[in-house]
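Only one structure is covered here, and it is reproduced in the block below.
The basis for the numbers below is simple: all heavy atoms, side chains too, and nothing from hydrogens, waters or symmetry mates. Below, read A as the first sequence line, B as the second, and so on, with proteins coming before strands; counting in each chain starts at 1. This is a predicted model, so every value here is computed, not measured.
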4 protein chains.
Amino acid sequence: MGGTTMDGTKRQRRGDTRQRIQDVALELFAEQGYEKTSLREIAERLDVTKAALYYHFKTKEEILVSIFEDLSRPMDELIEWGKAQPHTLETKQEVLRRYSEALAGATPLFRFMQENQATVRELSIGTQFKDRMLQMRDIIRDPDASLTDQVRCISALFTMHAGMFVLQEMEGDPSDKRKAVLEVAIDLVTQAHSGAPS
Amino acid sequence: MGGTTMDGTKRQRRGDTRQRIQDVALELFAEQGYEKTSLREIAERLDVTKAALYYHFKTKEEILVSIFEDLSRPMDELIEWGKAQPHTLETKQEVLRRYSEALAGATPLFRFMQENQATVRELSIGTQFKDRMLQMRDIIRDPDASLTDQVRCISALFTMHAGMFVLQEMEGDPSDKRKAVLEVAIDLVTQAHSGAPS
Amino acid sequence: MGGTTMDGTKRQRRGDTRQRIQDVALELFAEQGYEKTSLREIAERLDVTKAALYYHFKTKEEILVSIFEDLSRPMDELIEWGKAQPHTLETKQEVLRRYSEALAGATPLFRFMQENQATVRELSIGTQFKDRMLQMRDIIRDPDASLTDQVRCISALFTMHAGMFVLQEMEGDPSDKRKAVLEVAIDLVTQAHSGAPS
Amino acid sequence: MGGTTMDGTKRQRRGDTRQRIQDVALELFAEQGYEKTSLREIAERLDVTKAALYYHFKTKEEILVSIFEDLSRPMDELIEWGKAQPHTLETKQEVLRRYSEALAGATPLFRFMQENQATVRELSIGTQFKDRMLQMRDIIRDPDASLTDQVRCISALFTMHAGMFVLQEMEGDPSDKRKAVLEVAIDLVTQAHSGAPS
DNA sequence: CATGAATGAGGATTCATTCAT
DNA sequence: CATGAATGAATCCTCATTCAT
């Protein structure tokens, strides 16, 4: 597929239609939801025909899948890395720090995933995403800790997740807010670590 | 056609159709999402025609609105109560306790609201729900506290929210889990209260 | 039907629902057209249920039919009278004068008939109305006259018809306008009469 | 399904679907009225699916609008021409002559417009059509003339309009009838011109 | 690479009508 | 006299998808 001269940054300037489709699609998906975004709409924004989309993607779902796969790679790598580390507090804190960055790098996707859970659940990426969240959870929490401490860890994760979107509506410098969110999350994990097992 | 022999099973249900529509609709909305649930599906489950739904509700959206209004009243009352109290730590803790109960009493609705944010956003209830969340936020947080402490308060809210659904997938007694979630939330608010202003 | 004490003006003050239905229906039919006016709309305006309409009329069409029959009686009588007279110019002029009054007394109905010809054509009253128009034509025109003179007579009729509605949009006193229309119509018939046979 | 063996009958029709839709639609609209003609019916007659109609036209109304725009252009041009001429009797007579031709060239459309006034009134073309009629009126009549003479001019217009359809039911050669109608119309305008101002 | 034309399945909604109470 | 509840058939319209060119 896609025969071009190998100049190192191949496929950058040329058949960028595929990329543009993904960009527009993600924008619309995040804004209006997956179901309410029609291929017609995407095509119109790109000023191509619907049929053109089908040249690049077999189905509507495949567009979403491809976006997901491209953008969630950093998160995947983070999980891989986290699993290879010792389950120390320091690891967990570092995981949170890196997760904060991963989230920031793919805000629209995560916003989409969060706001379209019901839809995404029956799509192939639904399971994938859930699996990753569970893996994150298992890196962060300690199965032998008290229920409360486990909740703290999970809460740390959700705090970061939700923080991204809810805090957008508060005044203040975005990077300050991100720092605050991260701080609270790290705090939660740290507290969980110093708790007594149930 | 449609013929169900009058064996009492159907006879009993008379006059409660409106309620039954709401019940089935909420179940399906929560399970599959609002967009993916068709009125045909709801009607079929109730063994009535689509047109019957329109006797009781003017539009699909109105079904959802009516469910929302009925089920979110306790939350409304809680907010009313919370706003009338002094903004002390004790009030906040009590609000969280009551919120925990309100959530438990309307789990499917809250699950729906959380998993269908994208859809709900352009529906009339979207704004209402968001408003309520912001009011809860303003009861719980202290606008003069440090950013971090404000995040703690918001995190307390989301912990409870998310807790409801995410923890369903963990082993353990449901009421234990609810208690743990509440504890973490109260903890967060308490910590926020003892922090120094920024 | 409708047993009440015979006080001479029976059924005037009491079961006037039937009458009210007709009034509202005609108003709406004339305003929006027959197809676009739903029984729901009529019922709502009267603040009764749709089912109530069915107590008074068997079908939607019957409402229209009943209106038509009640309001077009004067026109019927005019035709009867006209047919019994000698076919002189004076008769025709008098017919036009009386027609002018008949039209004025049932403006909304005639407006409706004119603006809903396509719909009315397949309704029972369609044929009736057309028949009456043809009878009017045959009273007014002389089959032995030249084509042109026949057209003059028919034109006289249509002038009066259309005049009712089109002239509403011109400035000037309504009764002056009606007089002008009648004058032109009478003129046309008079001219037709003095013409030479083809 | 739908299977028509490729025997040429269908093959020929390619690319002209849009036109065929307009043709069939106008035919049905004129015959049964706009409301009573369903897209299903149009599609069935053309042996395509309803969705195919939507490929060519955005809405049912747009089908009608497109027909109207295509077919009423001659009338538009006539108005343009008429407005540019001096307001002499000769101009008016010529306008009527040309109008007669314009009407003949778009009989089904004008029949439709006349028989569906109630429907058309709330459609976008309703206003357009009315505007054109008023412009025609203003070309033909003299605002300083007596009311009666103004009615004569308007009557001339309606005579031509109505003539088209009513006369179809009279015996006689069509072109003879058209000539007679035109003669009466011209007569009316001519009389109006020789009248004394009110 | 992309379009023009079309489809089949399904969506929400509206309507005239019925009937037991 | 009138209503409450329901139906069956139809409506316009939208969508993801296909395929010959």
Side-chain angles (χ1 to χ4, degrees), chain A residues 1-2 14-15 17-18 34-43 46-63, chain B residues 1-2 13-18 21 35-43 46-63, chain C residues 1-2 14-15 17-18 34-43 46-63, chain D residues 1-2 13-18 21 35-43 46-63:
Chain A
M1 305 184 181
R14 185 211 38 138
T17 307
R18 193 189 146 92
Y34 178 74
E35 317 268 8
K36 291 200 45 173
T37 303
S38 68
L39 295 187
R40 177 175 54 67
E41 212 175 347
I42 298 176
L46 288 165
D47 206 40
V48 295
T49 52
K50 265 184 296 174
L53 304 184
Y54 279 90
Y55 179 81
H56 295 280
F57 301 94
K58 266 208 295 286
T59 65
K60 183 185 180 185
E61 186 175 347
E62 223 207 65
I63 298 182
Chain B
M1 308 195 178
R13 313 244 179 71
R14 177 69 87 44
D16 59 346
T17 307
R18 194 189 145 92
I21 293 173
E35 318 267 8
K36 291 204 38 172
T37 302
S38 68
L39 294 188
R40 178 179 53 69
E41 214 174 345
I42 297 176
L46 290 165
D47 202 38
V48 296
T49 54
K50 268 182 291 171
L53 305 185
Y54 279 93
Y55 175 76
H56 294 279
F57 300 95
K58 269 209 291 287
T59 63
K60 184 185 179 184
E61 184 175 348
E62 222 209 61
I63 298 181
Chain C
M1 306 191 181
R14 186 210 39 141
T17 307
R18 193 187 147 91
Y34 178 74
E35 317 268 8
K36 290 201 48 173
T37 301
S38 66
L39 294 188
R40 177 175 55 66
E41 212 173 347
I42 297 175
L46 289 165
D47 205 41
V48 295
T49 52
K50 265 183 296 173
L53 305 184
Y54 279 90
Y55 179 82
H56 295 280
F57 300 95
K58 267 208 294 288
T59 64
K60 183 185 181 186
E61 185 174 348
E62 222 209 65
I63 299 181
Chain D
M1 309 190 178
R13 312 247 178 70
R14 178 68 87 44
D16 59 346
T17 307
R18 195 188 144 92
I21 293 173
E35 317 266 10
K36 292 205 38 173
T37 302
S38 69
L39 295 188
R40 178 179 52 70
E41 212 174 346
I42 297 175
L46 289 166
D47 201 38
V48 295
T49 55
K50 269 180 291 171
L53 305 184
Y54 280 93
Y55 175 76
H56 294 280
F57 300 94
K58 268 209 292 287
T59 62
K60 184 185 180 184
E61 184 174 347
E62 222 210 62
I63 298 181

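Spacing between atom CD of Glu41(A) and atom C1' of dA16(F) amounts to 14 Å, rounded to whole angstrom units. Between the CZ atom of Phe57(D) and the P atom of dC12(F) there is a distance of 15 Å, rounded to whole Å. As a whole-Å value, the separation of Tyr54(B) OH from dA6(F) C1' is 15 Å. Atoms NZ (Lys60(B)) and P (dT14(E)) sit 15 Å apart, rounded to a whole Å. When rounded to the nearest whole Å, the span between CD of Glu62(D) and C1' of dC12(F) equals 14 Å. When rounded to the nearest whole Å, the span between CG of Leu46(B) and P of dA5(F) equals 15 Å. Atoms CD (Glu35(D)) and C1' (dT14(E)) sit 13 Å apart, rounded to a whole Å. Between Ile42(B) atom CD1 and dT13(E) atom C1' the separation is 14 Å, expressed in whole Å.
Side-chain nitrogen and oxygen atoms of Thr17(A) include at least one within less than 4.0 Å of the OP1 or OP2 phosphate oxygen of dA2(E). Residue His56(D) places no side-chain N or O under 4.0 Å from the OP1 or OP2 atom of dG4(E). Proximity of Tyr55(B) to the phosphate of dA5(F): a side-chain N or O atom is located under 4.0 Å from OP1 or OP2.
The Ser38(B) side chain lies nearest to dA12(E) when the options are dC12(F), dA2(F), dA12(E). The Thr49(C) side chain lies nearest to dA2(F) when the options are dC13(F), dA12(E), dA2(F). The side chain of Leu39(B) lies closest to dT13(E), out of dG8(E), dC12(F), dT13(E). Candidate nucleotides dC13(F), dA16(E), dA2(E) were compared by shortest atom distance to the side chain of Lys50(D), and dC13(F) ranks first. Comparing dT7(E), dT17(E), dG4(F) by their closest approach to the side chain of Ala52(D) singles out dT7(E). Here the side chain of Ala51(D) is nearest to one of dA6(F), dA16(E), dT7(E), namely dT7(E).
Distance CD1/Ile63(A) to CZ/Arg18(A): 9.5 Å, rounded to 0.5 Å. With rounding to the nearest 0.5 angstrom, the CG atom of Leu46(B) is 8.0 Å from the OG1 atom of Thr17(B). In this structure, Thr49(C) OG1 and Leu39(C) CG are separated by 11.5 Å, a value rounded to the nearest 0.5 Å. A distance of 8.5 Å separates CD1 of Ile21(D) from CD1 of Ile42(D), quoted to the nearest 0.5 Å. Between the NZ atom of Lys50(A) and the OG atom of Ser38(A) there is a distance of 8.0 Å, given to the nearest 0.5 Å.
Side chains of Tyr34(A) and Lys60(A) form a contact here, defined as non-hydrogen atoms less than 4.5 Å apart.
Across the interface with DNA chain E, nearest-nucleotide mapping of Arg40(B) and Glu61(C) shows Arg40(B) to be the residue nearer the 5′ end. Place Thr59(A) and Lys36(D) on DNA chain F by their nearest nucleotides, and Lys36(D) ends up nearer the 5' end. Both Leu53(C) and Lys58(A) lie close to DNA chain F; mapped to their nearest nucleotides by heavy-atom distance, the more 5′-ward contact belongs to Leu53(C).
Base-pair partner of dG11(E): dC12(F) (Watson-Crick or G-U wobble, both distances under 3.5 Å). Checking dC1(E) for Watson-Crick or G-U wobble geometry (two distances, each under 3.5 Å) identifies no partner in any strand. With a cut-off of 3.5 Å on both pairing distances, the Watson-Crick or G-U wobble partner of dA6(E) is dT17(F).
Remark: the separation of the C1' atoms in dT21(F) and dC1(E) is 13 Å, to the nearest Å.
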